[in-house]
Engineer: 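There's a structure below that I have some questions on.
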Amino acid sequence: MSEPSFPSADELLANNVVAASDGRPFLSGEPSRRLAVVSCMDCRIDIETVLGLEHGQAHVLRNAGGVVTDDVIRSLTLSQRYLGTREVLIISHTDCGLSKVTEAAFRSELYAELGIAPQWALEDFTDPADAVRRSIARLVDSPFVLHTEHVRGFVYDVETRLLREVS
Ligand SMILES: [Zn+2]
């Protein structure tokens, strides 16, 4: 396989022309499994493959850490209210970058370099299972996310590629 180009937008646009002609049917905007997945953005997690999800089955919300932030609450609120999802999976993982930097170090690094620190929290953690528990608690406590009877959390092992449920 040849090295991908950088920057890659032109190559990706050419890929899009090929992808758009693959004959796949037009889909509803409502996820057919009524599922939303919150996952870390880590590029080792191919979330559709990990879960055996097909196109159109789920909303996949990704950010650094797979953390339930206010913005994830925003998306889940819309997902449940207008697009019918009723189940949420939250996925963190081993070897996450957020376990390798601390809030204090991050903030002081930015402040020293830029003279300003962000309003938002880094959401660092040492144990990915604890991060999942924290996210589940935020979800359950949110007054905006009404359907929390089917919420489960997992840690994805980047070496075995297996999910372990967080209890
Ligand atoms: Zn991560």
Side-chain angles (χ1 to χ4, degrees), residues 1 3-9 11-12 15 31 33-80 83 85-114 116-142 144-145 147-148 150-167:
M1 206 164 72
E3 276 288 299
S5 60
F6 176 85
S8 57
E11 184 180 338
L12 298 177
N15 291 347
R33 280 186 184 268
R34 304 173 79 195
L35 169 69
V37 180
V38 180
S39 167
C40 185
M41 65 187 185
D42 192 290
C43 68
R44 292 167 292 185
I45 308 174
D46 179 355
I47 203 73
E48 284 78 11
T49 301
V50 165
L51 297 173
L53 285 173
E54 290 173 19
H55 190 207
Q57 291 187 331
H59 283 150
V60 178
L61 314 176
R62 303 190 71 163
N63 64 20
V67 176
V68 172
T69 58
D70 282 349
D71 192 59
V72 169
I73 294 283
R74 178 183 71 91
S75 295
L76 287 175
T77 301
L78 294 166
S79 174
Q80 293 194 344
L83 295 160
T85 63
R86 293 293 181 267
E87 180 178 7
V88 184
L89 305 186
I90 298 174
I91 300 174
S92 184
H93 65 101
T94 59
D95 197 42
C96 185
L98 278 179
S99 62
K100 298 172 185 174
V101 60
T102 66
E103 180 91 39
F106 180 69
R107 293 185 78 79
S108 64
E109 178 186 320
L110 290 184
Y111 193 81
E113 190 180 319
L114 307 169
I116 187 168
Q119 304 251 321
W120 34 266
L122 177 65
E123 305 278 3
D124 58 311
F125 52 79
T126 47
D127 179 355
D130 284 342
V132 169
R133 289 186 196 98
R134 183 169 68 186
S135 282
I136 290 174
R138 284 181 187 171
L139 202 59
V140 170
D141 291 344
S142 170
F144 305 112
V145 179
H147 303 283
T148 55
H150 303 294
V151 176
R152 291 168 71 175
F154 303 86
V155 173
Y156 176 76
D157 186 316
V158 296
E159 289 176 17
T160 66
R161 298 190 293 145
L162 288 170
L163 291 165
R164 176 171 56 83
E165 184 150 20
V166 175
S167 54

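Both counts, for ligands and for their atoms, begin at 1 and track the order of listing. Along the sequence shown, residues are numbered consecutively beginning with 1.
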Engineer: To the nearest 0.5 angstrom, please state how far the OG atom of Ser142 sits from the CG atom of Asp70.
Structural biologist: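 Here the rounded value is 8.5 Å.
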Engineer: Just by distance, do the side chain of Gln57 and the backbone of Glu54 share a donor-acceptor pair under 3.5 Å?
Structural biologist: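 Between the backbone of Glu54 and the side chain of Gln57 there is a qualifying donor-acceptor contact (under 3.5 Å).
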Engineer: Given Leu122, which of Leu110, Thr102, Val67, Leu98 fulfils the side chain to side chain contact (heavy atoms under 4.5 Å, CB included) condition?
Structural biologist: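 Answer after filtering Leu110, Thr102, Val67, Leu98: Leu98.
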Engineer: Within the supplied structure, the quantity of interest is the number of heavy atoms (other residues, nucleotides, ligands) at a distance under 6.0 Å from Arg152 CZ; does it exceed 12?
Structural biologist: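 Check fails, neighbour count at 12 or below.
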Engineer: Determine whether a donor-acceptor pair (N or O, by modelled atom type, separation under 3.5 Å) exists between the side chain of Arg86 and the backbone of Gln80.
Structural biologist: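 Here the side-chain-to-backbone pair exists.
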Engineer: Among the protein atoms near the Zn ion (ligand 1), how many are N, O or S and lie under 2.8 Å away?
Structural biologist: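 Number of qualifying protein atoms: 3.
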Engineer: In terms of side-chain geometry, is the basic nitrogen of Arg33 or Glu87 positioned less than 4.0 Å from the acidic oxygen of its partner?
Structural biologist: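 Looking at Glu87 together with Arg33, the answer is no, because their closest N to O distance does not fall below 4.0 Å.
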